[in-house]
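Right, one structure below, let's go through it.
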Amino acid sequence: MVADWAQCFMATMALLKFYIVYAEYEICFNKSSRQITDEQRLFMVLMKDYDRNTRPVFNASHPVNVFMGITLTQIFDVDERNQVITTNIWLDQEWDDEKLTWDPVLYNGLEMLRIPCTNIWLPDIVLYNSADDYTHGYMEALSMVSNTGHVFWPPIVKLRSTCSLDITYFPFDDQVCKMKMGSWAYDGLQVDIFNRSNPVDLSNFVSNGEWELVNVKVVRNIVYYPCCSEPFPDVTFLIHIRRRTLYYTYNVIIPCIMLSILTLLGFWMRPDSGEKVTLGLTVLLAFSVFMLLIAENMPATSSFVPLIGIYLTTVMALTSLSVISAVVASNVNHRGSKETRLPTCFRTFVTFLSRIVCMRLVYIKRENPQEVRAVKMQVAMRDGYTGLKSTFSNDSGCNLIDYENGEPAQMRSISTNRRPQVERSWELEEILRKLQVLISKEEEREKVDIILKEWMEAAEVIDRFMFWIFVFWTFFATIFILLFMPMTKSVET
Ligand SMILES: *[C@@H]1O[C@H](CO)[C@@H](O)[C@H](O)[C@H]1NC(C)=O
């Protein structure tokens, strides 16, 4: 009895189990069932014997034609040091999958189905010149499949690609960065790659503060590797960008030009002032700060010397030379204290320089310094006698010396003077002797003074000449390096 019951129970259970399986089958495959959507049904039919690991062509001798294009949304970063450009792009890929076709009439006019990309075959498109490791794949975007078997799959990717940056014209440089995309494992006979009819979409591009996007070009290449006879096609995107120069103009170039002007200003300081050298050294120090600033951003390469580096080196060299010139001028200026006159060749040289810079020489010009001295002497003597005269006239009203011609030789007796003649002549002789001493001393002083002034004038002429030389070179270097040289660059895109 118990066994019967058990048997009956078992039979009922088996029946129930069969019914459940049947019901599941009904739900899954009965078209009229309300429990299943059209898309679900289509997806089930499409995936029924689909293998995502093999190419979706029935005849294996046919290639899968993949059409590629990009939508460039942003240039994230251009890393000059590591030569890497980071971009944000939508990688638009299209191909025909011969197994994903259906008749839309059977699915209430459903012509387009979104399928997770993990369920279907995907071309193994990689960026050949990637700077990243390949451990993480693409974003798992849905693929859009139409009833003709056309698949469109646009994952968003952030690509770090290597880009050989030529910084010769920095900061006036243009760069062309390549992005080579192609199938990694399939050859051109299995997966062929073409560019789309509209290969680059820039409608969503967000502009970059440092770089301006000039142009994007697409080129399809076919490469034959030495290993195999099959062609390997790829699509290369050439992104042409231009650096915005405003930042560097404000932060480097204008301060450098100001510092160059300060260097020039140093020449207007008196040659005997030590401040000339101090100013030159301070400017040199400031330039080296800018040099460091530039060097920080540049790749540590010897293949290129950036234009701004050449400019900085030039102005630094000019400043160093200005310090040397200041030392020379200061030395010449102090030479006079040795009480030796200007050597003849040096005198000729300075006279020549003074003609170039249109300076009027006062002391050096006269070949014979006696001439100057004579003029000076006359003035001095006249002053001396005037002094003497006033002394005597204050004393007792006697008028001893006739200074009309500047000659002290004449003495005459004055009726108002009551002293004896002899005594008077002795006194006069004494005065004359003292005068002689005074005059010779004055003469000596004048001589030294003239030598000092000659050397000082020579220093002044040298300084002025160097000033004009430096004005010329500073302007020439600035205009040539910062204006003409950037014009010579040629960028092929
Ligand atoms: C496969 O394609 C090749 C080339 O198009 C063609 O010659 C061949 O007949 C095709 N095979 C079949 C079975 O259709």
Side-chain angles (χ1 to χ4, degrees), residues 68-92 125-132 154-182 195-196 198-221 234-254 293-301 303-311 481-493:
M68 282 206 58
I70 57 170
T71 301
L72 190 60
T73 54
Q74 196 175 15
I75 294 170
F76 242 63
D77 182 39
V78 179
D79 185 350
E80 286 98 351
R81 265 197 103 73
N82 298 316
Q83 311 250 317
V84 170
I85 176 170
T86 311
T87 44
N88 229 2
I89 65 174
W90 305 346
L91 205 57
D92 306 329
I125 303 291
V126 293
L127 179 68
Y128 275 57
N129 57 330
S130 175
D132 262 338
I156 299 176
V157 284
K158 189 172 180 178
L159 293 177
R160 292 183 74 240
S161 51
T162 56
C163 177
S164 158
L165 298 163
D166 179 353
I167 45 143
T168 309
Y169 292 101
F170 175 86
F172 306 100
D173 52 340
D174 282 39
Q175 304 292 350
V176 178
C177 286
K178 288 182 183 176
M179 284 175 159
K180 182 179 169 181
M181 309 238 195
N195 39 0
R196 290 177 77 197
N198 178 21
V200 185
D201 181 0
L202 297 174
S203 53
N204 292 294
F205 186 70
V206 178
S207 68
N208 183 292
E210 193 183 350
W211 295 90
E212 180 191 344
L213 185 72
V214 179
N215 191 12
V216 184
K217 266 179 73 177
V218 189
V219 183
R220 177 176 182 262
N221 303 302
D234 66 73
V235 171
T236 304
F237 298 92
L238 299 158
I239 299 176
H240 181 187
I241 49 177
R242 179 170 300 154
R243 194 187 297 273
R244 295 178 198 269
T245 49
L246 195 67
Y247 173 84
Y248 290 96
T249 309
Y250 264 100
N251 292 290
V252 180
I253 294 172
I254 289 179
L293 203 80
I294 297 297
E296 222 165 64
N297 290 318
M298 293 295 103
T301 169
S303 1
F304 321 101
V305 180
L307 211 59
I308 191 92
I310 295 175
Y311 178 67
I481 297 175
L482 298 183
L483 279 180
F484 281 110
M485 277 174 75
M487 284 180 192
T488 62
K489 74 180 167 187
S490 61
V491 180
E492 82 290 339
T493 51

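Numbers here simply count residues along the sequence, with the first being 1.
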pair M179-T87: side-chain heavy atoms closer than 4.5 Å: yes

Residue pair S203 / D201: nearest heavy atoms and the distance that separates them: OG-OD1, 2.7 Å

Any L213 side-chain heavy atom under 4.5 Å of N208 side chain: no

Close side-chain approach of F170 and L165, heavy atoms under 4.5 Å: no

Closest non-hydrogen atom pair between I70 and D92, with its separation: C-OD2, 4.1 Å

Nearest heavy atoms of P171 and R243, plus distance in Å: O-CD, 3.6 Å

Heavy-atom pair of closest approach, residues S164 and Q175: O-OE1, 4.3 Å

Atom pair NZ (K217) and CZ (F237), whose distance is rounded to the nearest 0.5 Å: 13.5 Å

Contact summary for T249 and T245, nearest pair of heavy atoms: OG1-O, 2.6 Å

Gap separating the CG atom of D79 from the CZ atom of R160, nearest 0.5 angstrom: 7.5 Å

Point-to-point distance, once rounded to the nearest 0.5 Å, from CZ of R242 to CD of E210: 14.5 Å

Test item: Q83 side-chain N/O and T162 main-chain N/O as donor-acceptor pair under 3.5 Å: no

Distance (rounded to the nearest 0.5 Å) between L483 CG and F172 CZ: 7.5 Å

D173 side chain reached by D166 side chain, heavy atoms, under 4.5 Å: no

Min side-chain heavy-atom separation K489-D174 under 4.5 Å: yes

Distance (rounded to the nearest 0.5 Å) between K178 NZ and I239 CD1: 12.5 Å

Minimum heavy-atom distance I89-L72, with the two atoms named: CG2-CD1, 3.3 Å

Main-chain N/O of K180 paired with N129 side-chain donor or acceptor, under 3.5 Å: yes

Side chain to side chain contact (heavy atoms under 4.5 Å, CB included), paired with V218, selected from V235, L238, T236: V235

Straight-line distance of F76 CZ to N88 CG, nearest 0.5 Å: 5.0 Å

Heavy-atom side-chain proximity of V78 to W211 below 4.5 angstrom: yes

Side-chain touch E80/P306, heavy atoms, less than 4.5 angstrom: no

